[in-house]
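One structure below.
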Amino acid sequence: MNEPGGPRPVYEAGTEWLRGDGDAADVVMSSRARLARNLAGFPFVSRATREQRQRVLDLCRSRLLAGGFGGPGAQVMWVDLAESPTIERTLLVERHLMSQQHSRGKQSSGSGGAEEPRGLAVALPDERLSVMVNEEDHLRLQCIRSGLALEAVWAEIDALDDSLEQGLEYAYSPRWGYLTGCPTNVGSGARFSVMLHLPALRMIGNIEKVKRAAADMSLAVRGFYGEGSDAAGDFYQISNQTTLGKPEQVLLDNLQREILPKVIEYERMARKTLIDKRRLQLEDQVCRAVGLLGAARLLTTEESMQLLSQLRLGVVTGIISDVEPKVVNQLMLLAQPAHLQRVIGREMDQEHRRAARAELIRSRLSRDGNGRVPKG
Amino acid sequence: MKCDQCEQEATVHEVTIKSGKKVEKHLCEACAKKQGIAVQAGMPIQELLNKYVLAQAGTTPAKAAACPSCSLAYTEFRQHGLLGCPDCYKAFEGLLGPLLERAHEGATHHVGKSPRRAGRGGEAGAESITGGPKERAERLSILQKQLDQAVRAEQYEKAAKLRDEIRREAESAPPPAAKARRRKEPEA
Ligand SMILES: [Zn+2]
Ligand SMILES: [Zn+2]
């Protein structure tokens with residue numbers, strides 16, 4: 001983005017996790033794996049001087065660009081965040097390619113700021129693989145895919161990790177494993193997570209059950225934008241909390257085989273209960289949401305997310321048949337402030353955004369809008 | 001399930017081992033907060049530090065006040081929850097050990113992936129990274145315990161993964177031609 005001629009993401013297409021397909025895609029939006037790594041011979045990011053951070057950034061950038069990643073045909077986009085305007089950075093956060101913290105350049109200790117040397121590498125066109133440089137750790141590798149695909153994201157990120165290591169020396173200890181800035185990530189440095197859509201469980205009032213089951217297995221439940229965000233639109237992210245003392249495959253297995261099948265089953269049962277016993281209430285709720293989306297003149301991000309969540313419930317239960325899951329996913333992204341401004345093509349204040357958001361969603365979902373499957 | 005303290009539904013469950021005895025607590029959020037138990041899953045390191053390390057302060061020896069490599073003081077770590085450099089793990093090992101055990105469900109040792117350099121440059125190179133025979137034996141025993149547990153719980157897929165891991169760990173042992181067998185493909 002700082003190089004006008006370089007590869008750029010296509011904001012409305014291509015992104016793997018937006019496709020809305022894959023295993024258990026009626027409940028699981030996306031699966032993600034993340035690895036935290038640090039270079040040997042340097043202080044961790046929060047303790048490094050600006051010169052040291054710059055040196056780490058240079059080393060990692062050249063390794064990332066020289067090795068390339070993302071498979072045949074993929075292009076690596078490098079974003080120098082210290083040079084990027086706020087809206088560009090926000091866009092990347094909204095696309096789940098990096099954290100808020102990385103966008104701000106601030107450490108959790110409060111040091112740092114927008115000018116800190118840090119970057120992001122993304123494999124285009126599908127943005128499945130990305131690497132944050134100088135966030136809380138020197139390297140944070142991420143792989144994200146549509147649907148339930150933890151084995152696949154692990155295989156990919158494991159391979160990327162191997163290839164990066166051919167040119168970088170990691171900080172590692174026989175006892176503690178991969179060393180990280182925060183000791184909660186030490187060991188494998190691996191975090192596996194899934195984004196779940198649980199509207200029926202919420203309607204039936206059983207979300208607490210899920211949270212409890214997750215907590216019992218030391219898994220964390222978070223909202224659409226990770227730590228600290230609430231579950232806007234009934235989206236919940238579940239991830240492992242411990243990283244030390246279990247092989248990566250076992251961390252993955254705990255999530256994939258012990259908790260997820262139960263949660264997916266609960267949600268599907270809840271949907272079935274709604275359809276069998278409370279069909280009219282369900283239809284009413286979905287159709288009201290569709291009505292509002294098609295008629296509202298002002299929409300906040302939060303309200304859009306809630307309404308789109310209802311629409312998605314309508315789509316996966318078959319109440320709404322002419323909208324594809326993919327379209328709902330895209331609208332959820334386009335409803336976010338930076339994406340909205342990008343699509344409209346200009347910066348707007350909050351008031352204008354609410355109007356533009358309502359208009360965009362309304363037109364996409366109108367009878368001849370490109371969000372509807374043509375009848376035939 | 002009802003809260004131990006009142007009539008509310010219990011949503012916070014804590015199991016602790018106190019002098020070999022399992023103590024279970026089932027509380028509603030309000031009562032849990034009163035008792036100073038973190039409500040969210042996975043306690044942030046900050047709270048762990050405050051609750052655990054500070055509680056231990058009386059018994060903690062006052063050594064290792066700062067990391068020799070990056071000069072981070074242990075008190076600074078306590079403030080922000082972030083370590084300064086890889087050597088901090090060594091410098092504060094005695095203090096971090098119990099803390100990490102708490103944060104990672106009793107884990108004392110990393111098992112799983114290790115740098116591929118481990119397979120490179122022969123025995124000496126590998127040992128300097130993944131540790132000697134003692135470290136390996138420790139890892140094998142941890143994995144074996146997890147395997148036994150998985151088998152007992154009839155989690156066969158997990159057991160299979162653990163067997164693979166044990167095989168990889170055993171194969172990484174030094175003897176004669178310790179070439180890059182730790183990882184699948186050869187070095188480019
Ligand atoms: Zn209570
Ligand atoms: Zn240090």
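Lettering of chains follows the sequences in order, A, B, ..., and the numbering in each one begins at 1.
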Item checked: Region of A:Ser163 in contact with chain B, defined by heavy-atom distances below 4.5 Å -> neither
Margin query: Using 0.5 Å steps for rounding, measure from the CG atom of B:Leu100 to the OG1 atom of A:Thr184.
Written below: 9.0 Å
Next item on the list: Go through A:Asp162 and B:Lys113 one step at a time and tell me if the side chain to side chain contact (heavy atoms under 4.5 Å, CB included) criterion holds.
Entry: CA-CA 10 Å; A:Asp162 284 351; B:Lys113 189 169 182 174; 2.9 Å; yes
Next item on the list: Tabulate, in ascending numerical order, the residues of residues 140-154 of chain B having at least one heavy atom closer than 4.5 Å to a heavy atom of chain A, or enter 'none'.
Entry: B:Ile142, B:Leu143, B:Gln146
Next item on the list: Flag the pair B:Glu101 / A:Leu244 as yes when at least one side-chain heavy-atom distance between them is below 4.5 Å, and no otherwise.
Entry: no
Next item on the list: Identify the two heavy atoms, one from A:Cys182 and one from B:Gly81, that lie closest to each other, and give their separation to 0.1 Å.
Entry: SG-O, 3.8 Å
Check: Any salt bridge between A:Glu248 and B:Lys161, counting N to O under 4.0 Å?
Finding: no
Check: So what's closer than 4.5 Å to chain A heavy atoms on B:Ser71: side chain, backbone, both or neither?
Finding: both
Notebook entry, point to check: Does a side-chain N-to-carboxylate-O contact under 4.0 Å join A:Lys246 and B:Glu105?
Noted result: yes
Item checked: Test side chain to side chain contact (heavy atoms under 4.5 Å, CB included) applied to A:Tyr266 - qualifying residues, sequence neighbours left out -> A:Leu201, A:Lys209, A:Val210
Margin query: Under the criterion side chain to side chain contact (heavy atoms under 4.5 Å, CB included), I'd like the reasoning laid out for A:Tyr172 against B:Ser114: C-alpha separation, chi angles, the key distance, then a yes or no.
Written below: CA-CA 8 Å; A:Tyr172 183 87; B:Ser114 61; 3.1 Å; yes
Next item on the list: Against chain B, label A:Val45 side chain, backbone, both or neither, depending on which of its atoms sit under 4.5 Å from a heavy atom there.
Entry: neither
Checklist line | Mutual orientation of the aromatic rings belonging to A:Phe44 and B:Tyr89 [parallel < 30°, tilted 30-60°, perpendicular > 60°] | finding: perpendicular
Check: Can you tell which of A:Asn38, A:Leu39, A:Thr243 has the highest number of heavy-atom pairs within less than 4.5 Å of chain B?
Finding: A:Thr243
Notebook entry, point to check: How close do B:Glu135 and A:Pro174 get, heavy atom to heavy atom, and via which atoms?
Noted result: CD-CB, 3.9 Å
Next item on the list: Mind running side chain to side chain contact (heavy atoms under 4.5 Å, CB included) on B:Asp164 and A:Gln249 for me, showing each step along the way?
Entry: CA-CA 10 Å; B:Asp164 286 349; A:Gln249 288 275 352; over 6 Å; no
Item checked: B:Lys90 side, atom NZ; A:Ser173 side, atom OG - distance, nearest 0.5 Å -> 7.0 Å
Next item on the list: Check the pair A:Arg257, B:Gln155 against side chain to side chain contact (heavy atoms under 4.5 Å, CB included), reporting the backbone distance first and the verdict last.
Entry: CA-CA 9 Å; A:Arg257 239 174 275 278; B:Gln155 296 165 332; over 6 Å; no
Notebook entry, point to check: Closest heavy-atom contact between B:Pro115 and A:Glu165?
Noted result: CB-OE2, 3.0 Å
Checklist line | Residue among B:Glu138, B:Glu93, B:His109 satisfying side chain to side chain donor-acceptor pair (under 3.5 Å) with A:Arg175 | finding: B:Glu93
Notebook entry, point to check: Do you know which of B:Ala107, B:Cys88, B:Gly84 has the most heavy-atom pairs under 4.5 Å to chain A?
Noted result: B:Gly84
Checklist line | salt bridge (Lys or Arg N to Asp or Glu O under 4.0 Å): pairs with one or both residues in residues 33-45 of chain A, sequence neighbours excluded | finding: A:Arg37-A:Asp161
Next item on the list: Look up atom CG in B:Leu72 and atom CZ in A:Arg47, then write down how far apart they are to the nearest 0.5 Å.
Entry: 4.5 Å
Next item on the list: Measure A:Ser188 against the heavy atoms of chain B and call it side chain, backbone, both or neither at under 4.5 Å.
Entry: both
Item checked: Heavy-atom pairs under 4.5 Å with chain B, option from A:Gly181, A:Gly177, A:Gly189 with the top count -> A:Gly181
Next item on the list: Mind listing the closest non-hydrogen atom pair of B:Pro86 and A:Ala171 along with its distance?
Entry: CG-CB, 3.6 Å
Notebook entry, point to check: Hey, does the side chain of B:His104 reach the backbone of A:Pro183 with a donor-acceptor pair shorter than 3.5 angstrom?
Noted result: yes
Next item on the list: Mind checking side-chain hydrogen bond (donor to acceptor under 3.5 Å, both in side chains) for B:Thr108 and listing every partner two or more places apart, or none if nothing turns up?
Entry: none
